[in-house]
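Worksheet: the structure to be examined is printed underneath.
Chain identifiers are assigned alphabetically (A, B, ...) following the order of the sequence lines, protein sequences preceding nucleic acid strands; residue numbering begins at 1 within each chain. This structure is a prediction, so every number in the text was calculated from the model and none was measured.
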Amino acid sequence: MDQHAAIPPHARTYRYDAVDRDFLAARIAEFRDQVQRRLAGELTEDEFKPLRLMNGLYLQLHAYMLRVAIPYGVLDSRQLRQLAFIARRFDRGFGHFTTRQNIQFNWTKLEDAPDMLAALAEVDMHAIQTSGNCIRNVTTDEFAGAAADELVDPRVYAEILRQWSTLHPEFSYLPRKFKIAITGAPHDRVAAKVHDIGVIAKRNAEGAIGFEVWVGGGLGRTPVVGTLIHDFVPEAELLAYLEAVLRVYNVLGQRDNIYKARIKILVRDLGDEFRDLVEAEFAAMPRGRYRLDPEVVQAIAAHFAPPAFATLVDDPPALRRARAEDRRFAAWCATSTHPHRTPGYASVVISLKPIGGIPGDASAEQMEAVADLADRFSFGEIRVSHVQNLVLPHVRQEDLPALHAALDAHGLATPNVGLVTDIIACPGMDYCALATARSIPVAQRISERFADLDRQLDIGTLHVNISGCINACGHHHVGHIGLLGVDKRGEEVYQITLGGSATNDAAIGELIGPAFSYDAVVDAVETLVRTYVAHRTQGELFKDTYRRIGPAPFKEALYAPA
Amino acid sequence: MSGPAKARPATQPVAITANDLADGRVVWLAADGGWTRNLAAARIFAPEEAAHALAQGQAAERARRVVGAYAVEVELLAGVPRPLRFRERLRATGPSVDAIPRPALPIAV
């Protein structure tokens, strides 16, 4: 990458240079040729499948699906408008935001895929490494560069990891896919401990930047919380250390069994020896070659230079008045805003979980509306959260009433962020070829059951996560209440796990008992919530109540004969 | 992982399904040897014909018209085929949820 190219003072996203753009153009031309050869009958599906997957194109139940990388969930308004254009021109007018902070287009035609990639390239985006046994999209905190509690801006290091991992020749054919998350705040909002590598950026007593490195976390068939293998890798050594981890995994990961191929199995099997092997590899590496030059870090940080914030005060009178006059607005402020580091500003979460809606779906019109509102209220910046919502990171608090009204007009002001209806759900069997049961309609029915806002607010923060198969794209293991849909003799049933957490106290939920049918599962969730409300202490979250009182009261409520 | 049912000798009538190469949509082998998007228009084969029927689907795959041909067991309800497995019923009818997001319902405050 050309680090000397002029970077706008507030670039919003990392901007490609001529080398990046030329590469993407060549890659798209290559794929266009491959698609034409496939359609002309010159390539078999066996020959073509790995080629399309390398470009993010899957074949799902009802159509091809294009998965587009949104690097660490950061978008600018121009990019979001382009995603809206793609949704309208090539899909059915909507897109689905995922737990990897990506977007999927579920109704792609093979012949359109190269044009879709060309449209993405116009705004410095692509679909490379959204499939396959490689390093996938690095995820980070949706409040990066804005959060009041942030110590280090993780976007800078996420971008460095993106450049390092993109087309890395040594790591293009790993034993299995590989997922990295990085955060720069003490409050883990990225599920770092359930990633193949979780990186927590922090500062030491001298103010120098370094990284905690967790390895071997993951969900799927074998859910496990990661292991801390280094508590402070200095900034200059970040790439060398992660390269050492990947090398050990690449050599020793179990390639002959897909179910045992993730790094978590290797870490589990080797125990402390894994750390020893990484340290030995790290010690043997030509460290100068891998050293992260402060000038490079600075050049990348320039892409994420903060916007020109005004001098404002927190909680201005106009905002206080609006909250007092409009209870719905007050509820939205309470649930959908997040503390900003700059006085007078807030980060705003835009719920993509309307009551009865499809979690993570946004129409082209909604994407365009959010892009316009980002330009008007948030310096053109948008984020995608792993909870499948959107974020406007830098909004003046005095603008919150106007923003709320504008979002409301587009069905985007549901005040349920963090509440029981803010459900994470994978596409499930309605779209996914791997799924064993549906997720979306279960999420919709739970959402409708708990639609009453007063009740939701009384229940408080509660994370319900739903996966349509054991691969756990809906992160069900780390939901306070997790639902896993499985196939039982040709029909859908749902296993329930309780007490999971994706944050600092990361934990894998425990299976509570026999599964429930599609028809019965919403009542089961209702029973669990009632049991929690009856037993909780003041301010206690579901997972904490579960840990305090154990499974017995929940089991009793679910399974005792009426 | 889910996916098409594991290959085993069919004991029920079958239809042959695949995805269209060009747009990925679900298609069914029709009586005229072509492919239809309508299961009701699919040719239904007796269990003992399943292997021969699947060979026809696989020939179309080799001819680069469809992808991933396989046999689906069906029951006939008043002459209309209905897949036995839920997954195949979803493939036949499309997603069970609205393709376009619903507008937000009003929330009681």
Side-chain angles (χ1 to χ4, degrees), chain A residues 38-45 59-65 92-94 106-111 327-328 331 352 354-358 361-363 366 408 411-416 429-438 440-441 444 448 451-454 456 469-471 487 490-492, chain B residues 1-6 8 11-12 17-28 37-39 57-70 72-75 82-109:
Chain A
R38 174 69 179 128
L39 288 169
E42 295 169 20
L43 293 175
T44 66
E45 182 62 11
L59 180 56
Q60 296 285 60
L61 273 194
H62 310 288
Y64 293 97
M65 178 272 283
R92 292 186 171 181
F94 68 100
N106 282 321
W107 297 98
T108 299
K109 292 177 181 168
L110 179 56
E111 62 189 3
R327 192 160 166 255
R328 196 167 185 274
L352 296 183
I355 298 302
I358 297 175
D361 269 20
S363 67
Q366 288 177 323
D408 207 16
L412 291 167
T414 310
N416 63 346
M429 198 188 271
D430 280 298
Y431 291 99
C432 179
L434 301 178
T436 44
R438 288 173 294 168
I440 294 169
Q444 290 175 313
E448 285 163 354
D452 181 81
L453 181 60
D454 286 327
Q456 288 193 64
C469 80
I470 193 66
N471 294 309
D487 179 320
E491 299 298 332
E492 304 161 292
Chain B
M1 293 184 195
S2 185
K6 298 278 187 295
R8 59 172 174 75
T11 58
Q12 303 293 323
T17 188
N19 289 83
D20 184 89
L21 171 63
D23 63 12
R25 302 295 297 276
V26 174
V27 289
W28 304 87
R37 296 193 174 174
N38 181 7
L39 173 58
Q58 289 166 338
E61 212 175 332
R62 284 191 294 277
R64 319 286 194 258
R65 285 185 290 159
V66 299
V67 181
Y70 61 97
V72 171
E73 288 187 317
V74 299
E75 58 185 343
R82 177 181 186 266
L84 295 181
R85 291 183 74 214
F86 182 76
R87 178 183 192 274
E88 300 308 331
R89 293 203 289 273
L90 261 187
R91 283 185 77 252
T93 56
S96 68
V97 294
D98 295 337
I100 303 297
R102 301 176 191 186
L105 297 179
I107 292 184
V109 179

Contacting region of R89(B) [heavy-atom separation from chain A under 4.5 Å]: side chain

Chain B contact via L61(A) - side chain, backbone, both or neither, heavy atoms under 4.5 Å: both

Side chain / backbone / both / neither for Q60(A) at chain B, heavy atoms under 4.5 Å: backbone

Distance, nearest 0.5 Å, that separates CD of E61(B) from OG1 of T44(A): 9.5 Å

Among G490(A), A40(A), G41(A), A413(A), residue most engaged with chain B (heavy-atom pairs, under 4.5 Å): G41(A)

Main-chain N/O of K109(A) paired to D23(B) side chain as donor or acceptor, under 3.5 Å: no

Nearest heavy-atom neighbours spanning H62(A) and L90(B): CE1-O, 3.1 Å

Atom of V97(B), atom of P441(A) and distance for their closest heavy-atom approach: CG1-CD, 3.7 Å

F86(B) side, atom CZ; R438(A) side, atom CZ - distance, nearest 0.5 Å: 3.5 Å

Closest non-hydrogen atom pair between P95(B) and W107(A), with its separation: CG-CZ2, 3.7 Å

Derivation and outcome, side-chain contact (heavy atoms from CB on, under 4.5 Å), residues D487(A) and R85(B): CA-CA 10 Å; D487(A) 179 320; R85(B) 291 183 74 214; 3.8 Å; yes

Test side chain to side chain contact (heavy atoms under 4.5 Å, CB included) applied to L21(B) - qualifying residues, sequence neighbours left out: R38(A), L39(A), Y64(A), L110(A), R64(B), V67(B)

Max heavy-atom pair count under 4.5 Å with chain B, selected residue of L352(A), T108(A), L43(A): L43(A)

